[in-house]
Amino acid sequence: MTRNDDERSAALPVAQVAALLDAAAADAEDEAAAAYEELNARLLPPEEAADLANRVRNLRSVLTRWRRRGQELSALFSSARELAELRDTDALLHRLVERAHELMGTDVTYLSELHEDSDELRVRSTLGAVAASFRELRVPPGMGLASKVVRTRNPQWTSVYQANRSIPHEAGIDAAVAAEGLVALLGVPLVTGDRVLGVLFAADRSEHEFVPEEIALLSAFADHAAVVLQTARLLEQANVAAQEAERANCVLEGHVTAMERASAVHEDLTAVVLRGGSAGEVAGTLGTSLGRPVTILDRELTPVAKESGTGGVRHSAADGSLLSAVREAVEAGRRSGRCVFVDGGEPLPEVAVAVVAAETLLGAVLVGYGDLELREVDQRTIERAAQILAFVVVKQEAVAAAEDRVRGELVSDILRGDTSRRQELLLRARARDVRLEELRSVVAVSVAAERRRSASESLRRAVPGGLVGERDGVLAVLSPCRDPMTAAREAWHAVRGVHQEPVLAVAGPPAGSAEALGRCFDSARRCMRLLESLEAAEGTVDAQRYEPYMAMFGTGGEGLAGFIESTLGPVLRWDEKHGTQLFETLHAFADSYASPSRTARALHVHINTVTQRLERISVLLGAEWRAPEPLFRVSVAARLHALSRRVTAG
């Protein structure tokens, strides 16, 4: 350096150099140019002036990069703070896209999320896009730049999308990109662990080469977006798990409540058995526990107990028969031993369970609808109630059978009329709340063998203070009622109330004492056999009215029916074939002292009509039928046949 150079260098004022540096640092281009011109005016050597200008430019470039880096860090720090306060996932993702869009300076920035169910990428947030088709873009698996990013798990970019053949193109994607006018695209993966959650894109509508700084910046925002999506998914999974736990807890509480209720019901039902309770108590206990109407059917599937609960249960049709849906459910329950749901909905029962002991059907339990769901525990409770009910029924039947045997033996001993045992019989009757000396009527009841037990129970309820027992295949009713026919009618109604089959009740003569009860029963039983030989098996009958015929025919048997047929057969067959009333005329003629005029008045017809009918009868029976001996036989046969018809008619 020459002396002049030294002088010029020494002459550079420090203030001017500092002003130049300050202007460059402040990115004040005009101030920097002015400071440079002032320094250059001091006649700096060309090489020094060029070096100074280059250093100033480098300083400005470094300072610009640091400022940009500061902006990027500030944006990332803001995103980090927002991540810590995650509330609205969509809003936060859009804010991330917005910051990336501002810092990247590209035309379009968007985020596509990978859906696990379909493996397709769907645009979730965009900024700068104008085409609706692009905002709704869905990228199928393996197609487009996005799928390449997902597959490689690394950033992918292209300066000219349409011309890049390494990208798997698809018509729908290409059309959406073209509609938006995009040319250059940069995509970075949203990665968390070993999973790719989506892709963050920056795109320009003109050709552009993406530099490492841009890729790194977009990758940083992609990492934040991945955290947002992963956190949102974890929160969603946590919420689902919490809801499932809450539901499981509710189910558990319901099961615990049902188990506690079932335990309480079991204790109550056990207490019912121990204290000798009835089907009504079982229905009440079960209905109160379940809050549902309960109906219990007997072995004939007719109701014997009800608990109304919150409503009723319809189980039978208008004619009293069990509905087919209920019957089918009971039969299915009989085979399975489990509760069976009844088809049809309300007001039919919801479930039915058969009451079974071994292979014998003892009845059924019908449970209606309620406010709460019928859980499995509740179904087991109903089945347990049916088992306990079976035990109650078996116990009651065993007790009833024993009582029937005891009462039957007592009735048999009373009917024997053994006066030497009178005091013993009085004590045995008193033990059953029966005063032997007050029994005045005897009724013989004819019932089929399989119905006698239930008929006996009905008769015992209908005859307070009386005795019911079986003797020689006939139910004997010993009643304190003083009118035998009244006692017979009460017995008939009691049995008919539980059985819809024919029932014959025969009242014996009034008994003046306990010793006469046996003779009265023998009279009623002989009358019953007489009527059975006449095929009369329904109604109530006074045995005293048949005493003359029993004296003539004994108990009837086959000879009685043959006697009526041989005497009146032609007349009866003529009436049946021609629809005439010859038998009614013949019967009235016998009761009118064989007087045609009295017969006409009794029948309310003209005497000529009676005469014509008698002539027809003479043709059928022969002209001698009016002679004294034939007329006696005809009269007896007519009365017997008329009596049998009246009994059969009830």
Side-chain angles (χ1 to χ4, degrees), residues 243-275 277-299 301 303-316 322-323 325-357 361-394:
Q243 292 173 2
E244 291 179 351
E246 185 176 357
R247 285 195 296 269
N249 186 52
C250 291
V251 172
L252 179 60
E253 289 180 356
H255 278 299
V256 171
T257 302
M259 290 293 292
E260 292 176 349
R261 185 170 64 248
S263 178
V265 173
H266 181 64
E267 291 179 3
D268 293 341
L269 292 174
T270 302
V272 169
V273 175
L274 294 178
R275 65 173 177 264
S278 62
E281 291 185 73
V282 174
T285 300
L286 186 61
T288 301
S289 169
L290 300 178
R292 294 163 177 261
V294 175
T295 298
I296 293 180
L297 309 180
D298 62 9
R299 63 173 70 236
L301 298 183
V304 293
K306 292 183 180 181
E307 167 60 33
S308 297
T310 57
V313 175
R314 179 171 176 262
H315 52 78
S316 58
L322 198 66
L323 294 173
V326 178
R327 185 179 296 277
E328 290 172 2
V330 171
E331 288 298 326
R334 181 179 183 179
R335 294 190 295 270
S336 66
R338 298 290 186 181
C339 283
V340 177
F341 284 85
V342 180
D343 295 332
E346 292 189 86
L348 270 65
E350 184 176 2
V351 296
V353 59
V355 179
V356 180
L361 178 67
L362 302 178
V365 178
L366 309 179
V367 180
Y369 288 82
D371 296 332
L372 300 178
E373 179 187 358
L374 197 63
R375 300 175 182 271
E376 185 175 352
V377 175
D378 298 321
Q379 296 178 40
R380 301 294 85 80
T381 299
I382 297 172
E383 293 166 3
R384 181 63 57 86
Q387 293 172 354
I388 290 179
L389 182 60
F391 183 77
V392 170
V393 172
V394 170

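None of these values were measured; they are calculated from a predicted model. These values consider heavy atoms only, across backbone and side chains, with no hydrogens, waters or symmetry-generated copies.
- Nearest heavy atoms, Tyr369 versus Pro293: O-CD, 3.5 Å.
- Residue Leu297 holds its CG atom at 10.0 Å from CG of Leu389, rounded to the nearest 0.5 Å.
- In terms of heavy atoms, Leu361 sits closest to Ala354 at CD1-CB, 4.0 Å.
- The shortest heavy-atom contact between Val330 and Ala352 is CG2-CB, 4.2 Å.
- What you find for Ala329 and Val342 is that their closest heavy atoms are CB-CG2, 3.7 Å.
- With values rounded to the nearest 0.5 angstrom, Leu362 atom CG is found 12.0 Å from Ile296 atom CD1.
- Taken to the nearest 0.5 Å, the CG atom of Leu323 stands 12.0 Å off from the CG atom of Leu301.
- In terms of the salt bridge (Lys or Arg N to Asp or Glu O under 4.0 Å) criterion, residue partners of Glu376 (sequence neighbours excluded) are, by chain and number, Arg380.
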Between Val351 and Ile382, does the side-chain contact (heavy atoms from CB on, under 4.5 Å) criterion hold? Intermediate values first, please. CA-CA 9 Å; Val351 296; Ile382 297 172; 3.9 Å; yes

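- Considering only residues two or more places apart in sequence or on other chains, Gln243 meets the side-chain contact (heavy atoms from CB on, under 4.5 Å) condition with Arg247.
- Between Val294 and Leu366 there is no side-chain heavy-atom pair separated by less than 4.5 Å.
- Sorted by first and then second residue, the salt bridge (charged side-chain N to carboxylate O under 4.0 Å, His left out) pairs with a member in residues 331-343 read Arg338-Glu383; sequence neighbours excluded.
- Looking at Val367 and Pro349, their side chains never come closer than 4.5 Å, going by heavy atoms from C-beta outward.
- Separating the CD atom in Gln379 from the CD atom in Glu350 is a distance of 8.0 Å, to the nearest 0.5 Å.
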Begin with the C-alpha distance, continue with both residues' side-chain angles, and end with the deciding distance and a verdict on side-chain contact (heavy atoms from CB on, under 4.5 Å) for Val355 and Val365. CA-CA 7 Å; Val355 179; Val365 178; 3.9 Å; yes

